[in-house]
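The model shown is predicted, which means the values in this text are computed figures rather than measured ones. Protein chains get the first letters and strands the later ones, always in sequence-line order, with residue 1 at the start of each.
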Number of protein chains: 2
Amino acid sequence: MPNAIAVLEKPLDGRANPEKRVRDRAGTERAILDAAKRLLAKEGFQGFGINAVARGAGCDKQLIYRYYGGLDGLVEAIGADLGGWVKERIPEDAGGMFLLTYGDLMERLIVLFIEALRDDPLMRKIVAWEISENTEQVRRLSEARAKALALWIDRMRGSLTAPKGVDAVAVNAVLIAAVQHMVLSSATSGQCAGLSLKSQKDWEKATVAVKRIVRGIYG
Amino acid sequence: MPNAIAVLEKPLDGRANPEKRVRDRAGTERAILDAAKRLLAKEGFQGFGINAVARGAGCDKQLIYRYYGGLDGLVEAIGADLGGWVKERIPEDAGGMFLLTYGDLMERLIVLFIEALRDDPLMRKIVAWEISENTEQVRRLSEARAKALALWIDRMRGSLTAPKGVDAVAVNAVLIAAVQHMVLSSATSGQCAGLSLKSQKDWEKATVAVKRIVRGIYG
DNA sequence: CCCGATTGTCACTGGGTGGTGATTAACAGG
DNA sequence: CCTGTTAATCACCACCCAGTGACAATCGGG
């Protein structure tokens, strides 16, 4: 098992050069937040604790208590950061496509969502955390994620609306659930329900299946 | 005064079953396995450890090492038990329905799967474990689960085959992923992707959506 | 200059964990 | 009745964790 500490550790021994980051509170806060995100993305919510974060940030855990009020505050800070996720990782336009129908929109949206989630370990770990625990910490994080997601969808949706007679909320929830589970399962075991999800080719097959489902519903 | 005997016969801690279990190896083994399953179902893979299981079984953890060779062996024993899951919880026939088409079959299958997973905490926790960790323990458990599931599906499938031109493996993987994620998300947070999943009515809406998706693909 | 406030480090407590060797209690065969 | 075997417990180890109080170092204002 790869040790979280070894991965994150800097050239330690604070005695040798303790002048790297002296009395720079803003810098230290950033280092802590970065370490927390890095640790969470790499190791997941298990092993995510004060000591590990402090070690990763190369500072004393006391500072985490002082600057963030403990793990809870730190998680909240991560949540606040999550708002910027959309801007960084997901295009705001449709990529030059013309989205004529609601089906076009959903197909494009789902594919983008698959790709975005597939190469964002932090998001994946958060999703995994969501379905494993229900603490106040997770709830906040989850909320921030949902908010960012909703914002992004709204931005793309424009004036398109779902066809009548279809419970779009329910159907879309099913689709999102499917994507999230497949990406998570793939990230941990490389497959999902008997379908291999390792190579890019595997994912293309999966994507085709999802597209087909979307078209089967929305035409 | 035979104080020692009196002490031993008393259910001195919170053991669930106060039946006297003196020098009853088979009984102790059963108690351990039961406690493990109960604990895993209730608390999930976090907090699932030697000490907790021993406490739940009302015996010394040493016995777990002796009889099961540690946690790994215990998990394996749980996996072996999982084979009986199908027989207990899922009907072997279609419930008096006539499954004329592959679409009929899949619709029925998915609905049964939703219901079965919804009221089996242990299975849910195992699924959650699967997408959160990738240790040898989990891999074994996961394998046992997949095997039991495949067996059950085969038993119902009969001679029906998917329509040509549809990648049934991929599509079904998407469907199963969706169901698993929705049930898990519901169990922890009572909703999934903005869709409330608390009441039975909520679940009926979700089920309708899933059925619609199935029919959209398989007709 | 001094002194208070801020930044950072250290050392410690109390509790939980996995794991192991030594010990006791009940039984069964001779 | 004694004795060896098995079931079960106890005592202990080293480690990791969260949390806290005390201390050292640095800066900045008066």
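Contact annotation: the side chain of B/Lys205 never approaches that of B/Leu197 to less than 4.5 Å [non-hydrogen atoms, C-beta and beyond]. Under the 4.5 Å side-chain criterion, counting only non-hydrogen atoms from C-beta, B/Asp34 is in contact with B/Lys37. At least one side-chain heavy atom of B/Ile114 sits less than 4.5 Å from a side-chain heavy atom of B/Trp203.
Between B/Glu29 and B/Arg25 a salt bridge is recorded (basic side-chain N to carboxylate O distance below 4.0 Å).
Separating the CG atom of A/Leu74 from the P atom of D/dA18 is a distance of 12 Å, rounded to the nearest angstrom. Atom CG of B/Asp24 is separated from atom C1' of C/dA26 by 13 Å (rounded to the nearest Å). Between the CD1 atom of B/Ile64 and the C1' atom of D/dT9 there is a distance of 13 Å, given to the nearest Å. When rounded to the nearest whole Å, the span between CD1 of B/Ile32 and P of D/dA7 equals 12 Å. At whole-Å resolution of the value, CG in A/Leu39 and P in D/dC17 are 10 Å apart.
Counting non-hydrogen atoms under 4.0 angstrom, A/Leu63 reaches a base of the nucleic acid.
Side-chain atoms of B/Asn134 never come within 3.5 Å of backbone atoms of A/Ser189 as a donor-acceptor pair (strictly under, hydrogens ignored).
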Filtered N/O pairs between nucleotides 21-25 of chain D and protein, under 3.5 Å:
| unit_1 | atom_1 | unit_2 | atom_2 | d |
| --- | --- | --- | --- | --- |
| D/dG21 | O6 | A/Gln62 | OE1 | 3.2 |

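Across all their heavy atoms, A/Cys192 and A/His181 have their closest contact at SG-CD2, 4.3 Å.
There is a side-chain donor-acceptor pair under 3.5 Å between A/Asp202 and A/Ser196.
Each of C/dG19, C/dG8, D/dG19 was ranked by its minimum atom distance to the side chain of A/Ile50; first place goes to D/dG19.
In terms of phosphate contacts, A/Arg25 brings no side-chain nitrogen or oxygen within less than 4.0 Å of OP1 or OP2 of D/dC27. Between B/Thr28 and D/dA7 there is no side-chain polar atom (N or O) within less than 4.0 angstrom of OP1 or OP2. Between B/Tyr65 and the phosphate of C/dG18, there is no side-chain N or O to OP1/OP2 separation shorter than 4.0 Å. For D/dC17, the OP1/OP2 oxygens have a side-chain nitrogen or oxygen of A/Arg55 closer than 4.0 Å. Contact annotation: A/Asn51 does not reach the phosphate of D/dC16 (side-chain N/O to OP1 or OP2, under 4.0 Å).
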